[in-house]
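The structure appears right after this line, and notes come after that.
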Amino acid sequence: MSKYETVVGLEVHMQINTKSKVFCECSTQFGLEPNSNTCVICSSQPGAIPILNKKAVEAIVKTGLALNFDINKQCTFARKQYFYPDVAKNYQITQLDMPLCSRGKLTITIDGKEKVINITRIHLEEDAGKLVHEIGSRKLDYSLLDLNRAGIGLMELVTEPELRSPDEAFEFLNELQNIVEYLGTSECSMEEGKMRCDVNVSIRPVGQREFGTRVEIKNMNSISGVRDAIAYEVERQKEVFNSGGKLVQETRLWEAKEGITKSMRSKEGALDYRYFPEPDLVPFDLPDSFIEDLHKQVPELPKARKARFIKDYNLSEYDADYLTSVKMVADYYEEALNASKDKKSSTKLLANWISTELSAKLNASKTCITKSPVSSQNLTKLISLILDGTISGKIAKIVFEEMYEKSSDPQKIIKEKGLTQISDESTIIKICQEAIFENPKAVAEFKSGKERAIGAIVGLVMKKSKGQANPQLVNKILIEKLKD
Ligand code: ADP
Ligand code: MG
Ligand code: ZN
């Protein structure tokens, strides 16, 4: 049985993050009453003239610049003819020979090694409306048409067939999503359908240069779904080959619940869309200054920010990765750090609190970090109270609970609840003496050489002090007393 290599190319559609649609003034707002958000242009009335949204072009060029694309200064549009029940004019305005962006790159990290994936193009096109086949749980025996989504700007990004495994595709999409989120050019959430992906998969015997016949899996709506679908499809194709069968070029659908792909339609020979230049949109040139201005607006991207976090804040690879993969989390971290008086000693502790305590709370209440009840300033205050010994790490967790519930200041909570750490030696000595007196068994064990027995006595001191005794001091004093 020969060994096979997996070949994957992705076509990713991302909704452009603009206030209005790409060729009219209707809003891009989601979830409005069906067909309430339409006009003569996006509902395809005969004779209506499209007007290009400059912000949509900006978003695509900015995305292209961030991904090292060549920007084509000449901007032209084409009509793609097709029978679209969800686009009443029966053609889609898109770009053909001259996409806004050509030949880009994105670097992914696989097993600790970097790999550059070439991206063929990014072009601008309009989204279609939505066919509705059910209302609530009631299945209709007819279809309804909602045109609210029709005419929303999309950027379509097409990769070269250079991805070689389900994991590479998964990494590519995650990295792309992170970068686009940093740029703010699309909200690119797959769950809300703001990012959709067609996955092209084929296999070939290792060593063979020509590509095998590909299958296209349409409209995937989760990144882990893409990974699963590729893994399934590769196994299916191997089976076809190994049983002497022949693959056909076809479109398949991913059935997430069953974990399988199903044939939707075969695609023998390319469809002829009869593209021609869109006569209602005059070609024009993008001025150099337009592109230069956008270049300046490209922010520091996730990879660069991660490297800086490791270098400047002395963070581990893991922490830096966690903090920078979502821009809002990285912003929160740096805001907190900038508010700190002792930046240097706060870096790691702050990273820990964000990646454990805070993220657990936010996840549980499905809250975005920008709406965190614990502000970055308040988290910084809590960290400095731990660092200066006012409270122990344990008490800090109790304080944090309260901070999260009531969005309040840690100092106020500590004062109200009397949670300040006890660092007064004479008070601690008294409690230690009590604990030693009450735990003769542990004392005897300790004295006979079982050093770990001290844990029981420390525990008792912490209990008696309601967790407020300074743990370092308790340890020091107990050892002194027990070694007497
Ligand atoms: P279409 O518009 O018909 O889908 P394209 O030529 O634009 O065709 O290719 C779409 C995607 O398919 C690209 O991402 C490309 O990298 C990928 N692709 C092309 N050939 C193969 C193949 N043999 N195996 C896997 N992916 C492929
Ligand atoms: Mg395709
Ligand atoms: Zn409109």
Side-chain angles (χ1 to χ4, degrees), residues 10-18 20-28 30 34-35 37-57 59-60 63-64 72 74-102 120-132 143-158 185-186 188 193-198 200 216 218-221 251 264-265 267 269-284:
L10 302 172
E11 294 163 83
V12 187
H13 288 92
M14 288 173 279
Q15 237 179 51
I16 302 171
N17 194 10
T18 48
S20 52
K21 295 185 180 179
V22 61
F23 299 123
C24 66
E25 291 181 359
C26 294
S27 139
T28 54
F30 184 76
N35 296 308
N37 190 28
T38 57
C39 68
V40 292
I41 297 171
C42 59
S43 67
S44 306
Q45 302 306 308
I49 304 285
I51 305 154
L52 179 62
N53 183 343
K54 183 178 167 193
K55 295 270 180 216
V57 177
I60 292 192
T63 307
N72 297 319
Q74 215 188 72
C75 191
T76 63
F77 291 92
R79 284 190 183 180
K80 182 181 181 183
Q81 331 282 331
Y82 197 69
F83 174 70
Y84 296 100
D86 44 7
V87 181
K89 58 187 189 290
N90 278 326
Y91 60 81
Q92 180 190 29
I93 303 179
T94 181
Q95 295 189 291
L96 183 65
D97 313 317
M98 201 90 80
L100 279 167
C101 316
S102 304
T120 320
R121 58 193 274 145
I122 308 178
H123 68 257
L124 176 60
E125 62 184 34
E126 58 180 337
D127 207 347
K130 219 176 190 163
L131 288 170
V132 179
S143 296
L144 295 170
L145 177 58
D146 178 5
L147 289 173
N148 284 349
R149 200 181 64 186
I152 289 184
L154 296 178
M155 45 182 159
E156 178 173 350
L157 176 151
V158 182
T185 51
S186 168
C188 58
K194 290 181 177 168
M195 174 169 166
R196 308 189 284 268
C197 182
D198 300 342
N200 297 272
E216 181 171 9
K218 277 270 182 214
N219 273 328
M220 300 288 311
N221 58 9
T251 303
M264 190 167 103
R265 57 169 184 260
K267 191 177 180 182
L271 284 169
D272 188 353
Y273 293 112
R274 289 293 176 127
Y275 281 99
F276 69 82
E278 165 60 63
D280 288 337
L281 289 163
V282 184
F284 66 95

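Residue indices begin at 1 and follow the sequence shown.
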May I ask you to decide if [Y]'s main-chain N or O and [X]'s side chain share a donor-acceptor pair within less than 3.5 Å?
{"X": "Glu11", "Y": "Asp198", "result": "no"}
{"X": "Asn148", "Y": "Ser27", "result": "no"}
{"X": "Thr251", "Y": "Glu216", "result": "no"}
{"X": "Asn72", "Y": "Gln74", "result": "no"}
{"X": "Asn221", "Y": "Gly193", "result": "no"}
{"X": "Ser20", "Y": "Glu25", "result": "no"}
{"X": "Asn90", "Y": "Tyr84", "result": "yes"}
{"X": "Gln45", "Y": "Ser43", "result": "yes"}
{"X": "Glu125", "Y": "Ile93", "result": "no"}

Measuring only between side-chain heavy atoms, which start at C-beta, is [X] closer than 4.5 Å to [Y]?
{"X": "Cys26", "Y": "Lys21", "answer": "yes"}
{"X": "Ile49", "Y": "Phe23", "answer": "no"}
{"X": "Phe77", "Y": "Leu52", "answer": "yes"}
{"X": "Glu126", "Y": "Pro50", "answer": "no"}
{"X": "Met195", "Y": "Val12", "answer": "yes"}
{"X": "Val132", "Y": "Ser143", "answer": "no"}

Fill in: Residues Asp127 and Arg196 bridged, charged N to O under 4.0 Å
yes
Worksheet entry | NZ/NE/NH1/NH2 to OD/OE distance under 4.0 Å, Asp280 and Arg79 | yes
Item to complete: Look at atom NZ of Lys89 and say whether more than 12 heavy atoms of other residues, nucleotides or ligands are closer to it than 6.0 Å.
Response: yes
Drop me the distance from [X]'s [atom1] to [Y]'s [atom2], to the nearest 0.5 angstrom.
{"X": "Ile122", "Y": "Leu157", "atom1": "CD1", "atom2": "CG", "value": "4.5 Å"}
{"X": "Tyr275", "Y": "Gln81", "atom1": "OH", "atom2": "CD", "value": "10.0 Å"}
{"X": "Ser102", "Y": "Arg121", "atom1": "OG", "atom2": "CZ", "value": "7.5 Å"}

Worksheet entry | side-chain hydrogen bond (donor to acceptor under 3.5 Å, both in side chains) partner of Thr185, the single match among Thr63, Thr18, Asn17 | Thr63
Worksheet entry | Pair Tyr82 + Tyr273: ring centers closer than 6.0 Å | yes
Practice prompt. Please determine, by modelled atom types, if Thr94 and Gln92 share a side-chain donor-acceptor pair under 3.5 angstrom.
Written response: no
Discussion item. Using the rule given for side chain to side chain contact (heavy atoms under 4.5 Å, CB included), can you reason through Leu131 versus Leu145, listing the C-alpha separation, both sets of side-chain angles and the distance that settles it, and then say yes or no?
Written reply: CA-CA 5 Å; Leu131 288 170; Leu145 177 58; 3.9 Å; yes
Discussion item. One pair to check against side chain to side chain contact (heavy atoms under 4.5 Å, CB included): Ile16 and Ser186. What are the steps and the verdict?
Written reply: CA-CA 5 Å; Ile16 302 171; Ser186 168; 6.0 Å; no
